[in-house]
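Note that the coordinates shown come from a computational prediction; the quantities given were computed from them, not determined experimentally. Any value given below was found using the heavy atoms of this structure, including those in side chains, with hydrogens, waters and symmetry copies removed. Chain naming here is simple, since letters A, B, ... match the order of the sequence lines and numbering starts at 1 in each.
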Amino acid sequence: MTVRVRIAPSPTGYLHVGTARAALFNWLYARHKGGVFIVRIDDTDRERSTPQFEADILDSLRWLGLDWDEGVEVGGPHGSYRQSDRYERYREVAGQLVTEGAAYYDNRSPEELEELRARAQSEGKHPGHYIRRADRAAETGAIRLSIPQDAPVAFDDLVRGAVSFEPRDIDDFVILRSDGTPTYHLASTVDDVDYEITHVARGEDLLPSTPKHILLARAMGATEATYAHLPLLFGTDGKKLSKRFAAVSLSVYRDEGYLADAVFNYLSLLGWSLDAETTIFSRAEAVAAFDLGEVSSNPAVFDPEKLAWMNGEYIRALSPDRFLELVRPHVESAVGRSLDSAEWIRFESIAGLVQERTRFLPEAGEQVVFLFADFDEYDETSWGKVMTGEGVAGIITEARSRLETVDDWRAEVIEPVLRGMVEEMGIGAAKGLQPLRVAVTGSSVSPPLFESMAALGKEKTLERLERALGRLPSP
RNA sequence: GGUCCCGUCGUCCAGAGGCCCAGGACGCCGGCCUUUCAAGCCGGAAACGCCGGUUCGAAUCCGGUCGGGACUGCCA
């Protein structure tokens, strides 16, 4: 039987990191098994669902490289991957279950139900002990599934192993609301059955709902899917990954210039590993090795630091051309305008040096604004640390006059000139060159100095030295 | 409260009875390199929650305990 898995996001928000990770594992499993990966839109919450969120989710999945299979023939009628298109089907199933006696209409009031829950609570019992078919029959109201009390609901979870629930601890849950709309349990299970989903890999938060889904599937006369409940993701504060923590929506990472491959790699490491040693690996390697049964059952903490490191690894691994292509918008955004090709060449000459020291694409832009924008303000800390020392003005003056004589303005030529200078002046390279760095780039942290000067051009370089000199007390 | 899940370095993972006085990665600390910052290289600190049991032998199996989490809606 070919493997069919699905991811069922609700378009009530951006694609959450946790959902993305679940999608990733489903995708890996489908590709590993040569199966089918379906994206289903769980938009039964009409109030909160929006087309914008749906678009964001799909875009993010595409960006991550999780291509899904479309046009897959589905088993049931009303074939659609959108739950709001299938209300009739859900009603049909609920009605059928009532006819067969597996479900029943319940017209008890919220107050009555609340009372039953309170009673269970006070007696230390599960609400399932009391939320059962009422004596009086009804033809209206919500429809509840009648839980068979004959045997425990046991299943083999690919991640958790053997899991079992007592029927007493499962209440007769609502499958169709009194307004005729399906609950999540009904819609999700009917879809899984109709689409012939073979494996359901989802967050561990749904583990307690699983017996309900199994019972529902069985009531429909179907065989339930194999389940795999993935460990939940937490923030570095140990709490559930929430909006307060870093970025929880995947589109943020895309917009901030993270590489999809890096995010993919990092996410796949949350609850899984390729082997004991390998940290960096490709999609293909992951696909070849992945198995749901090898997913860890421990919750995982999402660590932005490690993602950042990994992003740096992937940026350094980029081909020079690809780096140039990806970084351009970020450089232009840092400079505040678009750059013409003559200017862009200046950047290209030091791109390799920038690439090495970039963890995020926007960082690269910040590193090189000095190439394109004259500045009046120097980095305050840098200035205080470097430019207030003894003999700074003398050093800059000397450098300026020596550099004026350089005609062949290349890093390889500039370097010996300045090195010769610090040597003749009897000062260390650090002491002699840092003032020049601050004068030319505005900061004591920058790409390598000689190459930066070369990229800037002779005229600009001398101008900047001059300008810095103007801000210094005369020697 | 109840049901269920989880418990190896700060964090992510490896470990499925002897290969483990526990391995890899991020982070951290120290060093080398070095014009700054990175990168790179070398080295270091850092964990089997606790108590019993099974066994010649336990991180690995069992029980208990403690701790954490999820769920407990006519939300998903």
Side-chain angles (χ1 to χ4, degrees), chain A residues 8-10 12 42-45 47-48 106 110 113-114 117 120-129 141-144 157 159-161 163-166 168-171 173-179 181-185 187-188 203-211 229 231-232 234 236 238-240 266 269-280 296-310 312-313 316 353-359 363 367 382 385-386 415 418-419 422 428-438 441 443-450 452:
Chain A
S10 291
T12 55
D42 276 18
D43 57 350
T44 49
D45 187 338
E47 296 284 300
R48 296 189 300 145
D106 178 15
L113 264 359
E114 188 40 51
R117 286 204 178 81
Q121 165 100 252
S122 74
E123 291 177 15
K125 289 178 176 172
H126 191 100
H129 285 251
I143 296 180
R144 289 179 186 272
D157 190 287
V159 173
R160 314 275 143 193
V163 182
S164 173
F165 292 82
E166 291 301 321
R168 286 250 158 234
D169 295 329
I170 306 167
D171 54 329
F173 60 102
V174 172
I175 58 176
L176 199 75
R177 302 187 189 99
S178 40
D179 67 359
T181 62
T183 62
Y184 160 76
H185 300 301
S188 178
E204 194 200 336
D205 50 340
L206 288 168
L207 190 53
S209 296
T210 303
H229 286 92
L232 259 20
F234 293 90
T236 30
K239 302 226 177 78
K240 199 174 153 186
Y266 178 69
L269 246 19
L270 259 22
W272 182 72
S273 68
L274 187 79
D275 57 38
E277 319 282 280
T278 316
T279 304
I280 305 280
S296 158
S297 49
N298 308 345
V301 173
F302 183 92
D303 180 9
E305 275 293 321
K306 190 164 184 176
L307 207 210
W309 163 80
M310 189 166 281
E313 290 287 309
R316 284 188 288 283
L353 297 171
V354 174
Q355 184 176 0
E356 281 174 41
R357 52 210 87 208
T358 297
R359 269 151 63 106
E363 246 175 31
Q367 285 181 59
S382 301
K385 208 166 50 187
V386 177
E415 174 159 6
L418 292 176
R419 285 201 187 282
V422 295
K431 192 170 189 311
L433 299 178
Q434 278 302 81
L436 305 181
R437 184 189 305 281
V438 174
T441 71
S443 166
S444 61
V445 175
S446 81
L449 182 60
F450 311 124
S452 293

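- Here B/G1 presents its C1' atom at 12 Å from CD of A/E123, a figure rounded to the nearest Å.
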**Prompt:** Given A/V438 and A/K385, is the side chain to side chain contact (heavy atoms under 4.5 Å, CB included) satisfied, shown in steps?
**Reply:** CA-CA 10 Å; A/V438 174; A/K385 208 166 50 187; over 6 Å; no

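- Distance check on atom C1': B/C74 versus B/G67 gives 36 Å, rounded to whole Å.
- B/C71 atom C1' lies 10 Å from atom NE2 of A/H185, rounded to whole Å.
- Rounded to a whole Å, the CG atom of A/L307 is 11 Å from the C1' atom of B/C26.
- Remark: side-chain polar atoms of A/T12 are not paired, donor with acceptor, to backbone N or O of A/R48 under 3.5 angstrom.
- B/G2 and B/C71 make up a base pair, with Watson-Crick or G-U wobble contacts both under 3.5 Å.
- Nucleotides B/G68 and B/G49, compared at atom C1', are 11 Å apart to the nearest Å.
- One interatomic measurement links the two molecules: CG of A/L176 to P of B/G73, which rounds to 19 Å at whole-angstrom precision.
- Among the atoms of the strands shown, base atoms are found under 4.0 Å from some heavy atom of A/S209.
- With C1' as the reference atom, B/G27 and B/U72 are 38 Å apart, rounded to whole Å.
- For the pair A/A120 and A/Q434, nearest-nucleotide mapping onto RNA chain B gives the more 5' position to A/A120.
- Comparing B/A47 with B/C5, their C1' atoms are spaced 22 Å from each other, to the whole Å.
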Polar atom pairs (N or O), protein with nucleotides 37-44 of chain B, under 3.5 Å:
residue	atom	partner	partner atom	Å
B/C37	O2	A/R357	NH1	3.3
B/C37	N3	A/R357	NH1	2.3
B/C37	N4	A/R357	NH1	3.2
B/G40	OP1	A/E313	OE2	3.4

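- Distance A/I175 CD1 to B/G73 C1': 16 Å, rounded to the nearest Å.
- Place A/F450 and A/A142 on RNA chain B by their nearest nucleotides, and A/F450 ends up nearer the 5' end.
- At whole-Å resolution of the value, CG in A/D169 and P in B/C5 are 12 Å apart.
- Taking every heavy atom of both residues into account, A/L207 and A/F165 meet most closely at O-CZ, 3.8 Å.
- For the pair A/L269/A/T279, a side-chain contact is recorded, criterion being any heavy-atom separation below 4.5 Å from C-beta on.
- Closest heavy-atom contact between A/R359 and A/E305: NH2-OE1, 3.8 Å.
- Under the Watson-Crick and G-U wobble criteria, each requiring two contacts below 3.5 Å, nucleotide B/G57 is left unpaired.
- Taking all atoms of both residues into account, the shortest heavy-atom contact from A/S296 to A/V159 is O-CG1, 3.7 Å.
- Taking atom P on both B/C6 and B/G63, the two are 13 Å apart, rounded to the nearest angstrom.
- In this entry the distance linking OH of A/Y184 with C1' of B/A76 reads 7 Å, nearest Å.
- Phosphate proximity of B/G73 to A/T183: absent, as no side-chain N or O sits under 4.0 Å from OP1 or OP2.
- By the 4.0 Å N-to-carboxylate-O rule, A/K306 lies too far from A/E313 to be salt-bridged with it.
- Rounded to a whole angstrom, the distance from the C1' atom of B/C50 to that of B/C12 is 25 Å.
- Look at the P atom in both B/G24 and B/G31: the space between them is 23 Å, to the nearest Å.
- Base pairing analysis places B/A47 opposite nothing; no Watson-Crick or G-U wobble pair with both distances below 3.5 Å involves it.
- Of all heavy-atom pairs spanning A/H229 and A/R160, the tightest one is O-NH2, 2.9 Å.
- Going from atom CZ of A/F234 over to atom P of B/G69 covers 8 Å, rounded to whole Å.
- Contact annotation for A/T12: no contact, since no heavy-atom pair falls under 4.0 Å across all strands.
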- prompt: Checking side chain to side chain contact (heavy atoms under 4.5 Å, CB included) for the pair A/L232/A/D205: CA distance, chi angles, key distance, verdict?
  reply: CA-CA 7 Å; A/L232 259 20; A/D205 50 340; 4.0 Å; yes

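- For the P atoms, the distance from B/G73 to B/G15 is 38 Å, rounded to whole Å.
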Protein heavy-atom contacts under 4.0 Å, written 5' to 3' over nucleotides 59-67 of chain B as B (base), S (sugar-phosphate only) or - (none), form the string ---------

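- Note on A/L449: a base of the nucleic acid sits closer than 4.0 angstrom, heavy atoms only.
- Proximity note for A/D205 (side chain, C-beta onward) versus B/A76, B/A70, B/C4: the nearest is B/A70.
- A donor-acceptor pair is defined here as one N or O able to donate and one able to accept, closer than 3.5 Å; such a pair exists between the side chain of A/Y266 and the backbone of A/D303.
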Reading nucleotides 6-23 of chain B from 5' to 3' and marking B where a protein heavy atom lies under 4.0 Å of the base, S where only the sugar-phosphate is that close, and - otherwise, the string is SSS--SBSS--------B

Q.
Assess the residue pair A/D169 and A/H129 against the criterion (side chain to side chain contact (heavy atoms under 4.5 Å, CB included)); give the C-alpha distance rounded to whole Å, side-chain angles, the decisive distance to 0.1 Å, and a yes or no.
A. CA-CA 7 Å; A/D169 295 329; A/H129 285 251; 3.7 Å; yes

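- Here A/L206 lies in heavy-atom contact (under 4.0 Å) with a base.
- Dashed line: the shortest gap from a side-chain N or O of A/R117 to OP1 or OP2 of B/U72 is not under 4.0 Å.
- Among the heavy atoms of the strands, none lies under 4.0 Å from A/H229.
- Between A/S452 and A/P447, the shortest heavy-atom contact is OG-O, 3.4 Å.
- For the residue pair A/R144 and A/D106, the shortest heavy atom distance occurs at NE-OD2, 2.6 Å.
- Remark: B/U11 base-pairs with B/A25; criterion is Watson-Crick or G-U wobble with both hydrogen-bond distances under 3.5 Å.
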Given side chain to side chain contact (heavy atoms under 4.5 Å, CB included), test A/V163 with A/T210 step by step and report yes or no.
CA-CA 10 Å; A/V163 182; A/T210 303; over 6 Å; no

